[in-house]
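In what follows, chains are A, B, ... by sequence order, proteins preceding strands, each numbered from 1. What you see is a predicted model, and the numbers here were worked out from it, not measured in a lab.
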There are 2 protein chains.
Amino acid sequence: MLKLAILGFLRDHPLHGYDLKTRIAALTGHVKPIADGTLYPAIKRLETAGLLTRRSAPGKIAAPRHMLELTQDGIDYLRKLLREPDELSITDENRWFTLLAFLRHLENPREQAIVLRRRLAFLSDPVSYFYDAQGRPMAADEFDDPFRQGLLTISQAANRAEFRWLHTTIGELERH
Amino acid sequence: MLKLAILGFLRDHPLHGYDLKTRIAALTGHVKPIADGTLYPAIKRLETAGLLTRRSAPGKIAAPRHMLELTQDGIDYLRKLLREPDELSITDENRWFTLLAFLRHLENPREQAIVLRRRLAFLSDPVSYFYDAQGRPMAADEFDDPFRQGLLTISQAANRAEFRWLHTTIGELERH
DNA sequence: TTCGTATACATCGGCGCCGATATACCGGGT
DNA sequence: ACCCGGTATATCGGCGCCGATGTATACGAA
């Protein structure tokens, strides 16, 4: 979610819109810039909600910048988003990765319990990618076409990596 | 994209809305159901555009089903989507994975050249996840917090798996 | 000189997604 | 007898995202 990314980046230090734009673009891994028509309205919404303030600053190269800074309400709201992400849908990869990126802002390890929920989701969610003509889920090696095999291979690699990471991280959290 | 998933599934055999719903939910890996208010309007749009037709069928358990079937226009349009995905943004993981899932519908290996574009994107896109306070991109081992390290670990695992797969798949395609 | 590109912000229309809500039937449990 | 959960479809309001467009400045290359 955009809101989370904006607040998360601003938590570190004040930034102007254009700077936020490039950082958010890089957040998903491959660089996919978010549209101006997405970012600036989002900033305005957060400002209207009183979560951030702006201060004009001379532009280093071009137009004047608006330096954005979190208010105390913004800091509190970010903490809330990280602790109790609006819902359920931990199954949304983008949201989860964004959350991971800023989870460090919760200093107390006990507040980072969200990773436990994530592991739970991994254990209970059946991860199946396709069904055959009769509606039965298909196993990995049943696929005849290389593209679905590839899809499965890539996803499984990511899942394995994440599960391993969850395991060690939770272990370390519990040691405190 | 929803449109692509609907057309892709229907390419195999006719399905009713509810069935599509469960298949699409599983498509993303973890099961995240798409909302009724998303699916049914999407079906109606495709129907209005003449890409699919519906036939009423008695519901096996409850309400009557509407079996959905691609028209010739629908088949043609799916082929077009697979060959020339609206644009550029191969960087959108969801779209790319959905495309992969149905790329088999292009029988001619020469039409599957989209994977070359994907590899190109991998080679040219700098994949960097975070910047420091001065705006410089940070390397993996510079991260102090375990969450950003995890994010990087997971993403890199997926990237490596995909790149390896791209390499072997392209090799095999070129042998034809 | 002029053009392209990067910086920097803003607005607007369209449209797709989602949650809420409604209807209706069936089977199984209490 | 009753309710709950799963099957099955549909509509609607809200809102967020995106592409297009506009404005303005600075720098380097053609």
Side-chain angles (χ1 to χ4, degrees), chain A residues 1-7 14-28 31-49 51-52 54-68 81 85-89 91-92 94-95 98 135, chain B residues 1-7 14-25 27-28 31-49 51-52 54-68 81 85-89 91-92 94-95 98 131 135:
Chain A
M1 210 205 232
L2 230 197
K3 191 166 52 168
L4 181 57
I6 294 175
L7 297 176
L15 292 170
H16 55 99
Y18 193 82
D19 199 348
L20 266 177
K21 187 183 166 178
T22 60
R23 285 167 200 251
I24 290 171
L27 188 55
T28 36
V31 176
K32 156 138 200 209
I34 69 165
D36 289 353
T38 305
L39 178 62
Y40 289 107
I43 291 174
K44 188 175 277 181
R45 280 195 300 275
L46 294 174
E47 194 185 4
T48 305
L51 303 183
L52 56 84
R54 74 173 65 200
R55 233 177 310 169
S56 283
K60 282 207 174 117
I61 294 179
R65 298 166 164 177
H66 303 300
M67 295 305 284
L68 307 169
L81 280 184
D86 260 352
E87 29 36 75
L88 21 100
S89 84
T91 62
D92 181 337
N94 262 347
R95 205 198 205 85
T98 307
Chain B
M1 209 207 236
L2 232 197
K3 191 165 54 169
L4 181 57
I6 294 175
L7 297 175
L15 293 170
H16 55 99
Y18 194 82
D19 199 349
L20 266 176
K21 186 183 165 176
T22 61
R23 285 167 200 251
I24 291 171
L27 189 53
T28 34
V31 177
K32 156 136 198 210
I34 68 164
D36 290 352
T38 305
L39 178 62
Y40 290 106
I43 291 175
K44 187 175 276 180
R45 281 196 300 275
L46 294 174
E47 193 185 3
T48 305
L51 303 184
L52 56 83
R54 75 173 65 199
R55 233 177 310 171
S56 283
K60 282 207 173 115
I61 294 177
R65 298 167 165 176
H66 304 300
M67 294 306 285
L68 307 170
L81 281 184
D86 260 351
E87 29 37 72
L88 22 103
S89 86
T91 62
D92 181 337
N94 262 346
R95 204 198 204 87
T98 306
Y131 297 89

Which pairs, protein N/O on one side and nucleotides 12-17 of chain D N/O on the other, fall under 3.5 Å?
{"residue": "D:dG16", "atom": "OP2", "partner": "A:Arg45", "partner atom": "NE", "Å": "3.3"}
{"residue": "D:dC17", "atom": "OP2", "partner": "A:Arg45", "partner atom": "NH2", "Å": "3.2"}

Open item on the list: Could you tell me how far apart A:Ile6 (CD1) and C:dC9 (P) are, to the nearest whole angstrom?
Closed with: 13 Å
Open item on the list: From the set C:dC9, D:dT9, D:dG19, return the single nucleotide nearest to any side-chain atom of B:His66.
Closed with: D:dT9
Open item on the list: Could you tell me if the side chain of A:Met67 sits less than 4.5 Å from the side chain of A:Leu15, heavy atoms only?
Closed with: no
Open item on the list: Output the rounded distance in Å from NZ (A:Lys21) to C1' (C:dT7).
Closed with: 9 Å
Open item on the list: Let's see if you can work this out: which of C:dA6, D:dG19, C:dA10 has an atom nearest to the side-chain heavy atoms of A:Tyr18?
Closed with: C:dA6
Task: Nearest-nucleotide pick for B:His16, side chain only, options being C:dA10, D:dA8, C:dA6 - done: D:dA8
Open item on the list: Does C:dT11 have its OP1 or OP2 closer than 4.0 Å to a side-chain nitrogen or oxygen of A:Lys44?
Closed with: yes
Open item on the list: Closest approach to the side chain of B:Tyr40, judged atom by atom: which nucleotide of D:dT9, C:dG19, C:dA8 is it?
Closed with: D:dT9
Task: Minimal non-hydrogen separation, A:Pro33 against A:Ala25, with atom names - done: CA-CB, 3.6 Å
TODO: Would you please confirm or rule out a distance under 4.0 Å between OP1 or OP2 of C:dA10 and any side-chain N or O of A:Arg54?
DONE: yes
Open item on the list: In whole Å, I'd like the distance from the CG atom of A:Leu20 to the P atom of C:dT7.
Closed with: 14 Å
Task: Side-chain heavy-atom pair A:Ile6, A:Leu39 within 4.5 angstrom cut-off - done: yes
- [ ] Measure the distance from CD1 on A:Ile43 to C1' on C:dA10 and round it to the nearest whole Å.
- [x] 11 Å
Task: Closest heavy-atom pair and its distance - B:Leu46, B:Lys3 - done: CD2-CG, 3.6 Å
Open item on the list: I need the CG-C1' distance between A:Asp19 and C:dT7, as an integer number of Å.
Closed with: 11 Å
Task: B:Ile43 and B:His66, any side-chain heavy atoms less than 4.5 Å apart - done: no
Task: Atom-to-atom span, CZ of A:Arg65 to C1' of C:dT7 - whole angstrom - done: 8 Å
TODO: Ignoring hydrogens and angles, tell me if any N or O in the side chain of B:Thr38 forms a donor-acceptor pair with the backbone of B:Ile34 under 3.5 Å.
DONE: no
Open item on the list: What is the separation between atom CG on B:Asp36 and atom P on D:dT11, rounded to the nearest whole Å?
Closed with: 12 Å
TODO: Can you tell me the distance, in whole Å, between the CZ atom of B:Arg55 and the C1' atom of D:dT9?
DONE: 19 Å
Task: Cationic N near anionic O, under 4.0 Å, A:Lys21 to A:Asp36 - done: yes
